[in-house]
Amino acid sequence: MIITRVRLHRISMPLVSPFTTSFGTEHSKEALIVEIGADTAAGPVTGWGECVAMEDPLYSSEYVDGCAQVIGRWLVPALTAGQQGGPHGAGDTEGGDADDLVAETVGHRLRHVIGHPMAKAAVEMAVLDAQLRASGQSFAAYLGGVRSTVPSGVSVGIQESIEQTLRVVEGYLDDGYVRIKLKIKPGWDVELVRAVRGVFGDDVPLQVDANAAYTLLDATTLRRLDEFGLLLLEQPLAEDDLRQHAVLATRLQTPLCLDESVVSARSAADAIALGAAQVINIKPGRVGGYLEAVRIHDLARAHGIAVWCGGMLETGLGRSANAALASLPGFVLPGDISASSRFYDVDLTEPVEMVDGQVAVDTTPGIGRAPIPELLERFRTDLSVVFR
Ligand SMILES: CSCC[C@@H](NC(=O)CCC(=O)O)C(=O)O
Ligand SMILES: [Mg+2]
């Protein structure tokens, strides 16, 4: 394909309620929507990507305004270099015939830019969406999906009190969510889980996510979670500490799941080899894109490691693409793919619905959804025309 247009839409969407984790509270979703216009064999198409970086570098080192700069200053020039009349981008050593720009080569063409997986993932997602809209294939079919619906889990933020948490959990269970994930942090963990188990019983699929809030010195506390039959304990320790996660794993019964620590297939391989992860939360934005996400899925499956699809409060764009990814065979645990209404009164796209605990996998070309123009206008706080 030939890229003819790249626009970055900086958006801000209000959340239905504040979302608190061990590292902070979100009141709105700050995101970047990548719009790529391309000439393809099937004619002109528009592809859409969603950058999942947050406003502040608290979940990972990336942040949304930094991603906008990386995309505009380095990534798009690298992809458009060599196009007829396109600018020559930094690091464009091989140049290559841009006419052959396909999603499968985006990662390679961007390899000279160190890091920035969320920025790269958003660009690759838009290229892949354009490519699949042109070919008429859905994300799910292209990625290797085998299910027509995926189970819908929900993430429960840190609330004002345990009583408030019980009310929130009850509401989500009444909505039909099939798995509850509780955010925890030091001092908000064992008694919280005990209360939820006490009220809702031992059969509700339940897991916790620490967002790297603990250290190995907390092993005794974390071991007390073993009595509750949790599905997994997500990212208890620092994102760059595989070794201590491996040590912690030997002291706990609850399976360890990594999120922030797995930023590529290579880091997933290291985590598996070290015994630092028995389960992996795959987020396409965090690992550099949907293609890398599939590579991690395949690697984990080869090692008998369960994976599930995590969430970054995506709009319907990323939410729909995540449902497609979660339809692959190795996604054997419910993901954080809740209905749009869990976070948004009004979504950027047609809302993702949950019916009987399931989210339908879109079968139309590409992501299957696109931003609704008037809503993109409503939520947009900045527009930068990066190319043409
Ligand atoms: C603002 S915290 C975002 C990262 C967090 N995501 C969730 O808890 C799920 C959010 C969602 O349902 O999209 C995680 O660490 O897994
Ligand atoms: Mg997590």
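First listed ligand is number 1; within each ligand, the first listed atom is number 1.
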Among all protein heavy atoms in this structure, tell me which lies nearest to atom 4 (C) of ligand 1, with the distance rounded to 0.1 Å.
Lys283 NZ, 3.3 Å

Between Gln131 and Glu104, a side-chain donor and acceptor under 3.5 Å:
yes

Residue and atom name of the nearest protein heavy atom (relative to atom 13 (O) of ligand 1), distance in Å to one decimal
Leu313 N, 2.8 Å

Is a side-chain donor-acceptor pair under 3.5 Å present for Ser60 with Glu239?
no

Mark the output for Gln235 as yes if a heavy-atom distance to ligand 1 is under 4.0 Å, and as no if none is.
no

Mind telling me whether His9 and Trp48 have parallel, tilted or perpendicular rings, with 30° and 60° as the class edges?
tilted

Between Ser155 and Asp336, do the side chains contain an N or O donor and an N or O acceptor separated by less than 3.5 Å?
no

Nearest to the Mg ion (ligand 2) - the N/O/S atom of Asp209, by atom name:
OD2

Evaluation steps, salt bridge (Lys or Arg N to Asp or Glu O under 4.0 Å), between Lys29 and Glu314:
CA-CA 8 Å; Lys29 171 67 179 170; Glu314 286 92 342; over 6 Å; no

Which residue and non-hydrogen atom of the protein lie closest to atom 15 (O) of ligand 1, and at what distance in Å?
Asn211 ND2, 2.7 Å

Just going by heavy-atom distances, which of Cys257, Gly311, Ser152 is nearest to atom 10 (C) of ligand 1?
Gly311

Salt bridge between Lys283 and Glu260, side-chain N to carboxylate O under 4.0 Å?
no

Out of Thr21, Asn211, Asp259, which one pairs with Tyr59 under the side chain to side chain donor-acceptor pair (under 3.5 Å) rule?
Asp259

Counting non-hydrogen protein atoms only, what is the nearest one to atom 8 (O) of ligand 1? Give residue, atom name and distance.
Ser155 OG, 2.8 Å

So which heavy atom in the protein is nearest atom 16 (O) of ligand 1, and how far is it from that ligand atom?
Lys181 NZ, 2.8 Å

Atom 12 (O) of ligand 1: the protein heavy-atom neighbour that sits closest, reported with distance to 0.1 Å:
Phe343 CE1, 3.3 Å

Once rounded to 10°, what is the value of the angle centred on the Mg ion (ligand 2) between Glu234 OE2 and Asp259 OD2?
90°

